[in-house]
4 protein chains.
Amino acid sequence: MARTTVAEREANRMRLLEAAANEFARKGLDAANINEISLAAGLAKGTVYNHFASKEALFLAVVEQACLYAAAGAEQVPEQAPTHTRLRAVLQADVEWVRQNEAFAKVLVREVLTGEESRYPRVLAAAAPLIERIAMILRDGARRGEVRSGVPVEQLALTFTGLADLAFLQHWGSGGLWPSLEDLPDTVVEMFMHGAAPR
Amino acid sequence: MARTTVAEREANRMRLLEAAANEFARKGLDAANINEISLAAGLAKGTVYNHFASKEALFLAVVEQACLYAAAGAEQVPEQAPTHTRLRAVLQADVEWVRQNEAFAKVLVREVLTGEESRYPRVLAAAAPLIERIAMILRDGARRGEVRSGVPVEQLALTFTGLADLAFLQHWGSGGLWPSLEDLPDTVVEMFMHGAAPR
Amino acid sequence: MARTTVAEREANRMRLLEAAANEFARKGLDAANINEISLAAGLAKGTVYNHFASKEALFLAVVEQACLYAAAGAEQVPEQAPTHTRLRAVLQADVEWVRQNEAFAKVLVREVLTGEESRYPRVLAAAAPLIERIAMILRDGARRGEVRSGVPVEQLALTFTGLADLAFLQHWGSGGLWPSLEDLPDTVVEMFMHGAAPR
Amino acid sequence: MARTTVAEREANRMRLLEAAANEFARKGLDAANINEISLAAGLAKGTVYNHFASKEALFLAVVEQACLYAAAGAEQVPEQAPTHTRLRAVLQADVEWVRQNEAFAKVLVREVLTGEESRYPRVLAAAAPLIERIAMILRDGARRGEVRSGVPVEQLALTFTGLADLAFLQHWGSGGLWPSLEDLPDTVVEMFMHGAAPR
DNA sequence: CATGAATGAGGCTTCATTCAT
DNA sequence: TATGAATGAAGCCTCATTCAT
């Protein structure tokens, strides 16, 4: 009966999410155009509303999908590894999914940094697992004396993810010149761990 | 009738800029409403167009005014002072003007971090003096061995201003909880200079 | 697959008519929603179009069904009974079916009083038997001197049905306060036969 | 300065109300088209929204204007005149304004008879003075024994205005054939006062 | 210059209808 | 025959911009 249709429907939903991510990444929520999104997905305008209640709901779905992608790339590094190694692994996984889903990544980073206050709670909830993973690593690091313990790890985690977001922003803003995606993990971890002072 | 003197006209322009900064800070460029801006300035809608060619021109004027404010607060610290002292002084001046012109600051930070690509050149030009001042300090620091020299100072300067912007964002996003404006310079400079590793 | 028998199909049609009557009674033709009608009938949207060519066709089917219901309750009073008795019997039958099919009744009354001009002929044709029955009674009454003969019975019949419709509207509009369905036949017949002047 | 503009603005508002009355009279609230209304008024779509907050607000403004028109034609008949004379005078004034403002009248009658429940309170408030005038006349009539006193005058007043509305509806529905506007007051008053029984 | 009424392009959203399964 | 996903025309409303006073 509707077995194939269910699969098609899901495929359509994903096509809409992809198209929406592209549009939102380029223009932002307000300037994005629902009609263009639907056409880019090869569907009609009305179909968007069969899948998402509103433009904002579509946007949030994109953000949540981005969080899913981001969380999917869990690092495969032993807990015993030094903090900087584990952090680098996290960023390497991030870089990987950014390569695969650049549009989603751009939307997520922009939303995390400068999203509307009213959407903050939803975004926060979606992004919480990512932050928590960093906090965990830093907590382990602090226990082992690799991370200074004068500052709450939550604040350090926010700073670390902020630095990473910043780095992605600069990567995109510079047209990929600096930092390159390849260098990004090293650059960010080095800066985060030791700062600008000479070693 | 020439009922309005030159001084009044200039005052009107400033009132519009202030009102626009508030509106843009709260809603962003797209969602901001020209009519509400003019009313908040105590003027009529049409007057906006006697001062600014378009909504986007008004937005850019706000950004440029914000850069002027930011640049106005030059640090009064001798060049011989240690790098961290000079950086801290820069941030203290920044904090000062943020206290006075929070709306302008919010607009500027958001625009610098996640503004439209098409506006990037204009914003970059307006913000260049600020970046250059940091680069200069870091260049001096590198010469004196207080700053590592493996990384181009331009990149370090970008990172420093990025960290500061991040800190302001977190200040606003947390409702002023962390970091407080008072702590912000220390926090940012400490992080920038030495990172998360224990000293 | 011929999974649905003829009886089932007819039952579905009736369920749709009932659901449609409810929706049309509450919202009118324009504001009614085909999807909600089908869901209220426990069927899918598309099924509506297996039974009715369009929303308007469904609406007309509801009106016609209402006329059928209304006509079904023929009064069981001898022709020799006085006019007021026969008229009261008609209204009592009306009240009876209104009790059973309030939604259909509301749709019919609204359509008769203020329906679209373009649907007027169809509605008129459907309602003609009802009017004719009244006219017949009044004709008999005039012949017997119980009804004044200066006015064409067709006009009197229209007035009588109009008064009845008005009474139903006031019943619904007042939340059932006045006139009650029980009092309605007496009230209407009394007003119709003798007016507001004292007897 | 804006002296002329104020007058023009008011004229535009009236043009919109007239155009809206025509459109609403022909199609009803839902099917009416804001764009066509504005064009019929010789104005642009957006102008409607400078005067009325929404389509429904415009509709209610039309209804209220209709009530104003209706109330404006106060009968000039001495209080001592017999009830049927006074009632006839009221209807003659009604007929007069219906001749002048047919569209407004159609909207008002339809709304009073079969308007949306949610708009009922507003319409009731606007129409209250009209009803009250009838009730007053009937109260006087009852005091003088010209109107039967077994029924509350409020109910009689509702019936009278209902009969009048019905008569207008039939006038329009029959293409002006019956009753003619000229005959309408006599016909309605006669029916209301004495009913269908022979005198 | 300041004003604010008018403009009309643009966009989100609804929903009747179609059609492949 | 029943289903419900897709369609796209239609329409309300917003709001940046213009312009006569």
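Sequence lines set the chain letters: A, B, ... in the order given, protein chains first and strands last, and positions in each chain run from 1. Remember, predicted model here, so these are calculated numbers, not experimental data.
Look at OH on Tyr49(A): it is 22 Å from P on dT17(E), rounded to the nearest Å.
In terms of position on DNA chain E, the residue among Val48(D) and Ala44(B) whose nearest nucleotide sits closer to the 5' end is Ala44(B). Place Asp30(D) and Asn35(B) on DNA chain F by their nearest nucleotides, and Asp30(D) ends up nearer the 5' end. Between Ser54(B) and Leu29(D), the residue anchored nearer the 5' end of DNA chain F, judged by the nucleotide with its closest heavy atom, is Leu29(D).
Between the Lys55(D) side chain and the Asp30(D) main chain, a donor and an acceptor come within less than 3.5 Å of each other. Without hydrogens or angle criteria, Thr114(B) side chain to Arg110(B) main chain gives a donor-acceptor distance under 3.5 Å.
Not one side-chain nitrogen or oxygen of Asn12(D) sits closer than 4.0 Å to the OP1 or OP2 atom of dA5(E). Between His51(C) and dT1(F) there is no side-chain N or O to OP1 or OP2 distance below 4.0 Å. Checking the phosphate oxygens (OP1, OP2) of dT3(E), a side-chain nitrogen or oxygen of Thr47(B) falls inside 4.0 Å. Considering only side-chain N and O atoms, Asn33(B) lies under 4.0 angstrom from the phosphate OP1 or OP2 of dC15(F).
Backbone-only contact: Ala32(D) has heavy atoms under 4.0 Å from sugar-phosphate atoms and none from a base.
Which of dT3(E), dA5(F), dT3(F) sits closest to the side chain of Arg9(A) comes down to dA5(F). Side-chain atoms of Ile34(A) lie closest to dC12(E) of the nucleotides dA2(F), dA6(E), dC12(E).
Side-chain atoms of Lys55(C) stay outside donor-acceptor range of the base of dT17(E), with no qualifying N/O pair under 3.5 Å. With hydrogens and angles ignored, no donor-acceptor pair under 3.5 angstrom links the side chain of Asn50(D) to the base of dA5(E). Lys45(D) contributes a side-chain N or O that forms a donor-acceptor pair with the base of dG10(E) under 3.5 Å.
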*Dot-bracket for DNA chain E: what is it, with Watson-Crick or G-U pairs under 3.5 Å, [ ] where a pair crosses earlier ones, and | for a pair to another strand?*
.||||||||||||||||||||
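Checked against salt bridge (Lys or Arg N to Asp or Glu O under 4.0 Å), Glu102(B) has the following partners two or more places apart in sequence or in another chain: Lys106(B).
Comment: Arg122(C) does not engage Glu111(C) in a salt bridge, judged by the lack of any side-chain N to carboxylate O separation of less than 4.0 angstrom.
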